[in-house]
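In what follows, a single structure is set out as structure tokens and then discussed.
Computed from a predicted structure; not experimentally measured.
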Amino acid sequence: MKPLMPLGDALEQLLSDVAVKPSTEELSLNDSLGRVLAGEQRASIDVPPADNSAMDGYALRSSDDGRRLPVRSRVAAGDVAGSLEPDSATRIFTGAEIPSGADAVVMQEDVQVVGDSIDVPTGVSAGQHIRRQGQDCQSGSLLLSPGRRLRPQDMGLLASQGIATVSVFKRLKVALLSTGNELREPGSGPLPSGAIYNSNRPMLSGLLSALGCDVLDLGIVADTADATRDALAEASDKADLILSSGGVSVGEADFVRDAVSALGEIALWRIAIKPGKPFAFGRVGETPFMGVPGNPSSAFVTFLLLARPYICALQGRSEEAPSVVPAKADFAIAKPGTRQEFLRVSTRQTDGEVWVTPYMNQSSGVLSSVSASDALAVVPIGKTIERGQLVQTLRIDALLY
Ligand code: AMP
Ligand code: MG
């Protein structure tokens, strides 16, 4: 049997498999949340388009500080600002353009109102409380690079430039197969003996949807060579990527690898991680195939560690991988392991220090461990851990989009 492949090598091989960018479509900016930018976005105007006031107060000449000035005009946000008459001040509100001639804004709290005039304090400096034209974005500057998955704040930034449509990569269509004779769908009635509910299906479907994929759910696939081959063939016809759960281990009822090999190839199988060793990758015809193990925790962890980066690359995403966060181990590992372990842990802060505590049962079949956890703590191959030692952790939330 092949030796286990280190996670880093597996990731490198997966990412080197992604050659072409997906095709693109034009979308209304308002419909573009979570979509991946196909081209760069540059500013075509200055934002703000003109100097404006950062405060409610009075626009004036800074050289008039310490004087009493009549207030001769008024400009609010949206008004056209005229020019400031000599020896006067203009009443001004936040966001209103600065009248020509004025070079400072004094906050209304800092002046004394005397009838129709104000007493200007001393020490007014040129430029104070003025937001300069272009201080947010300058015309021509780069706003967002291709490969960026659009977040609400990115959409706001593009809107500030008057951008109404964006060119994005088309959504990836992913066929999802749940293999296993024992599986029943929730809602199908009480479980007959020997059966369990299909928990991977909504979990994997949710993980795919959260990444912005279109999910083509092909349901439960029976543990036979024919059923597995038929389902894979259908999936490869209809989807850009196939994701299956179960059936990639070494048992007699594990038909997935043979079926993939018969219709294409298995390029990668068995990774030196815990949980998730049986993860497989290959092709069915021309369609990439990923097989996560059936054990729900293994399915979840291998999706985050292996399927997610591959899917991001297929989608044309080009962001940095989510950062690894150090935390103190509220546990000890006395015996070094032969696989890189990803403990399902909960994070807490005590006296400004971040500690991680493993869920009590780390068995790969225990789904409550991932539901109860907010991070994965990494135990490197061949290492022991002492309580209080710093370990690397991955925030689960950061891997869900
Ligand atoms: P397998 O990878 O097919 O050998 O399955 C490993 C374990 O995961 C077995 O205990 C299966 O019953 C369980 N399992 C497989 N698929 C699912 C699924 N979709 N939902 C819940 N458990 C599953
Ligand atoms: Mg099975």
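Counting only N and O atoms by type, the side chains of S62 and D103 include a donor and acceptor under 3.5 Å apart. Side chains of R171 and Q315: no donor on one and acceptor on the other come within 3.5 Å.
In summary, R201 and D217 engage in a salt bridge, as defined by a charged side-chain N under 4.0 Å from a carboxylate O. In summary, E40 and R42 engage in a salt bridge, as defined by a charged side-chain N under 4.0 Å from a carboxylate O. Between R283 and D17, at least one side-chain nitrogen of the basic residue sits less than 4.0 Å from a carboxylate oxygen of the acidic one, meeting the salt-bridge criterion. Under a 4.0 Å N-O distance rule, the pair R131/D136 does not qualify as a salt bridge. Under 4.0 Å is where a charged nitrogen must lie from a carboxylate oxygen, and between D214 and K173 no such pair does.
Closest of all the heavy-atom pairs between T302 and P275 is CG2-O, 4.5 Å. For the residue pair I163 and T165, the shortest heavy atom distance occurs at CG2-O, 3.4 Å. Smallest separation of non-hydrogen atoms from L157 and C137: CD1-SG, 3.9 Å. When all heavy atoms are compared, the tightest approach of I271 to R339 is O-CD, 4.4 Å. When all heavy atoms of A235 and A175 are compared, the closest pair comes out as CB-CB, 3.6 Å. The two residues P322 and L399 make their nearest non-hydrogen contact at CG-CD2, 3.6 Å.
Between the NZ atom of K328 and the OG1 atom of T357 there is a distance of 13.5 Å, given to the nearest 0.5 Å. Taking OG from S297 and CZ from R344, the interatomic distance works out to 4.5 Å, rounded to the nearest 0.5 Å. Expressed to the nearest 0.5 Å, how far CG of L11 lies from CG of L305 amounts to 7.5 Å. I220 CD1 to N181 CG: the interatomic distance, rounded to the nearest 0.5 Å, is 10.0 Å. One finds the CD atom of Q133 at 10.0 Å from the CG atom of N52 (value rounded to the nearest 0.5 Å). Rounded to the nearest 0.5 angstrom, S178 OG and L218 CG are separated by 9.0 Å.
The list of ring-ring contact (aromatic ring centres under 6.0 Å, His included) pairs with a residue in residues 306-339, not counting sequence neighbours, reads F281-Y310. Under the side-chain hydrogen bond (donor to acceptor under 3.5 Å, both in side chains) criterion, the residue pairs touching residues 239-250 are N200-S245, with sequence neighbours excluded.
Both tests do not hold together for R308 against F303: distance to the six-membered ring centre under 6.0 Å, angle to the ring axis within 45°.
By the 4.5 Å heavy-atom criterion applied to side chains, I311 and L208 are counted as neighbours. No side-chain heavy atom of V378 sits under 4.5 Å from any side-chain heavy atom of E341. With a 4.5 Å cut-off on side-chain heavy atoms, S53 and V75 do not count as touching. Side-chain contact check for L241 versus M290: some heavy-atom pair is nearer than 4.5 Å. T287 places a side-chain heavy atom less than 4.5 Å from the side chain of I242.
S373 places no side-chain N or O within 3.5 Å of a backbone atom of A375 that could act as its donor or acceptor partner. When atom types are taken as modelled, the side chain of S188 and the backbone of R184 share no donor-acceptor pair closer than 3.5 angstrom. The backbone N or O of F93 lies less than 3.5 Å from no partner atom in the side chain of D56, so there is not a single donor-acceptor pair. The backbone N or O of I45 lies less than 3.5 Å from a partner atom in the side chain of Q161, making a donor-acceptor pair. For the pair R257 (side chain) and I266 (backbone), a donor-acceptor distance under 3.5 Å is absent. Under a 3.5 Å cut-off, the side chain of S318 and the backbone N or O of P146 do form a donor-acceptor pair. With hydrogens and angles disregarded, no donor-acceptor distance shorter than 3.5 Å links the side chain of D79 to the backbone of A81. A donor-acceptor contact shorter than 3.5 Å links the side chain of Q128 to the backbone of V105. For the pair S167 (side chain) and A38 (backbone), a donor-acceptor distance under 3.5 Å is absent.
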**OP:** Would you sort out whether R387 and D330 count as a salt bridge (Lys or Arg N to Asp or Glu O under 4.0 Å), showing the intermediate values?
**Re:** CA-CA 5 Å; R387 193 178 174 282; D330 193 7; 2.9 Å; yes

**OP:** May I have the step-by-step check of side chain to side chain donor-acceptor pair (under 3.5 Å) for D46 and S139, ending in yes or no?
**Re:** CA-CA 5 Å; D46 285 342; S139 176; 5.0 Å; no

**OP:** In sequence, state the C-alpha distance, the side-chain angles, and the governing distance for L158 and L143, and then conclude on side-chain contact (heavy atoms from CB on, under 4.5 Å).
**Re:** CA-CA 8 Å; L158 297 178; L143 298 170; 4.2 Å; yes

Original post:
Stepwise, does the salt bridge (Lys or Arg N to Asp or Glu O under 4.0 Å) test hold for D119 with R67?
Top reply: CA-CA 6 Å; D119 284 342; R67 293 184 56 195; over 6 Å; no

**OP:** Check the pair T347 / R395 against side chain to side chain donor-acceptor pair (under 3.5 Å), numbers first and verdict last.
**Re:** CA-CA 9 Å; T347 304; R395 302 286 312 174; 3.3 Å; yes

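The neighbour count for E26 CD, taken as heavy atoms of other residues, nucleotides or ligands under 6.0 Å away, is above 12. Within 6.0 Å of the CD atom in E25, the count of heavy atoms belonging to other residues, nucleotides or ligands exceeds 12. Other residues, nucleotides and ligands contribute more than 12 heavy atoms inside 6.0 Å of the CD atom of E109.
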